[in-house]
Protein chains: 2
Amino acid sequence: MSADIGRIFHALSDNARRSMVEELSNGPLSVSQLAQPFDMTLAAVVQHVNLLESCGLIKTYKQGRVRTCELETTALIAAEKWLQGRKRLWERRLDRLGDVLSED
Amino acid sequence: MSADIGRIFHALSDNARRSMVEELSNGPLSVSQLAQPFDMTLAAVVQHVNLLESCGLIKTYKQGRVRTCELETTALIAAEKWLQGRKRLWERRLDRLGDVLSED
DNA sequence: ACAATAGTCAAGCATTTGCTTTAGTAAAGG
DNA sequence: CCTTTACTAAAGCAAATGCTTGACTATTGT
């Protein structure tokens, strides 16, 4: 569970993979379509796609010879929740601190 | 701006650094205190702290010989916003798709 | 049947990452 | 003053990462 969070953040730390996720948030694309904006081999793009799928950021299905990639929100939500959790703890602490300071 | 997002995600992709952020969300700690739970040299922890600070996840100030680390929410919020943005686009697209399908 | 398209697999390679060790500096405490 | 504490800076190293190339498979179009 919390080990997966690391893999999600790692996936999103790469500029190319983050761009791919951005493209896919506008709708599904084939691997070749996804590869088009990038100055790298199709083989490299496939490796990125595999990594994105393995950590649950995208889902893919193949029909005929074309593999279609589609965004999956579950990993996105998991990462969001982790960030919110840290922020919430921090803010709650500041609130308690404020309470103590405003005592008379 | 969007280049920084990559550095934030990269910082959070490491288990040790993510644990440090988790610890710091409960309140500020000195570098030595922060290092205590980890099976690694202080020098290694300092390197993590430097990286966390350089991408805006934490803030540090030194007084005497002790350097205190404190969580900063700005980077946390930036990452959260990016994730929300992707999720929102994707969900809006699903909504439009639903509208088209429910036409009579 | 033959070629073009779409993707896959494996090996190899330069760079980056996460550490370590060693050698320092500066502030506190006895 | 001398030692301990808290951290820092630099060099080095093994493992991981992001690519490439080359060879290959499976589907589609002519």
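What you see is a predicted model, and the numbers here were worked out from it, not measured in a lab. Letters A, B, ... mirror the listed sequences (proteins, then strands); counts begin at 1.
Looking only at side-chain heavy atoms (C-beta outward), A:Arg7 and A:Ser54 come within less than 4.5 Å of each other.
Annotation: side chain to side chain contact (heavy atoms under 4.5 Å, CB included) contacts of A:Ala11 (sequence neighbours excluded): A:Arg17, A:Leu51, A:Leu52, A:Cys55, A:Leu57. Contacts of A:Glu70 classified as side-chain hydrogen bond (donor to acceptor under 3.5 Å, both in side chains), with partners at least two apart in sequence or in another chain: A:Tyr61. Among residues two or more places apart in sequence or in another chain, the side chain to side chain contact (heavy atoms under 4.5 Å, CB included) test is passed with B:Glu23 by B:Leu29, B:Leu34, B:Pro37, B:Phe38. Residues passing the side chain to side chain contact (heavy atoms under 4.5 Å, CB included) test with B:Lys62, sequence neighbours excluded: B:Arg67.
When the side chains of ILVMFWY residues are joined at heavy-atom separations under 4.5 Å, either directly or via intervening members, B:Leu42 and B:Ile58 end up in a single hydrophobic cluster.
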What N/O pairs connect the protein and nucleotides 8-12 of chain D at under 3.5 Å? Give each pair on its own line.
| unit_1 | atom_1 | unit_2 | atom_2 | d |
| --- | --- | --- | --- | --- |
| D:dT8 | OP1 | B:Arg67 | NH1 | 3.2 |
| D:dT8 | OP2 | B:Arg67 | NH1 | 2.8 |

Below 3.5 Å is the cut-off: list the nitrogen or oxygen pairs between protein and nucleotides 24-27 of chain D, distance only.
| unit_1 | atom_1 | unit_2 | atom_2 | d |
| --- | --- | --- | --- | --- |
| D:dT27 | O2 | A:Arg65 | NH1 | 2.9 |

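Of the candidate nucleotides D:dC19, C:dG18, D:dG18, D:dC19 has the atom lying nearest to any side-chain atom of A:Ala44. You'll find that the side chain of A:Ala16 is closest to D:dC19, out of C:dC19, C:dT17, D:dC19.
The CZ atom of B:Phe38 sits 13 Å away from the P atom of C:dG18 (whole-angstrom rounding). Between the P atom of C:dA27 and the OH atom of B:Tyr61 lies a distance of 18 Å, rounded to the nearest Å. Rounded to whole angstrom, the span from the NE2 atom of A:His48 across to the C1' atom of D:dA16 amounts to 14 Å. Atoms CZ (A:Arg7) and C1' (D:dA16) sit 14 Å apart, rounded to a whole Å. Remark: C1' of C:dT17 and CG of B:Leu52 are 14 Å apart, rounded to the nearest angstrom. When the C1' atom of D:dA6 is taken as reference, atom CD of B:Gln36 falls 14 Å away, rounded to whole Å. Nucleotide C:dT16 holds its P atom 18 Å from the CG atom of B:Asp14, rounded to whole Å.
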For residues 84-95 of chain B, please give each side-chain donor-acceptor pair under 3.5 Å, one per line with the distance, not counting sequence neighbours.
| unit_1 | atom_1 | unit_2 | atom_2 | d |
| --- | --- | --- | --- | --- |
| B:Gln84 | NE2 | A:Glu80 | OE2 | 3.4 |
| B:Lys87 | NZ | A:Glu80 | OE1 | 3.2 |

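For residues 32-43 of chain A, no pair satisfies salt bridge (Lys or Arg N to Asp or Glu O under 4.0 Å), with sequence neighbours left out.
For A:His10 and C:dT17, the shortest distance from a side-chain N or O to OP1 or OP2 is not below 4.0 Å.
B:Glu72 CD to B:Glu53 CD: the interatomic distance, rounded to the nearest 0.5 Å, is 8.5 Å.
DNA chain D is contacted by both A:Met40 and A:Val66; A:Met40 maps to the nucleotide lying nearer its 5′ end (nearest heavy atom per residue).
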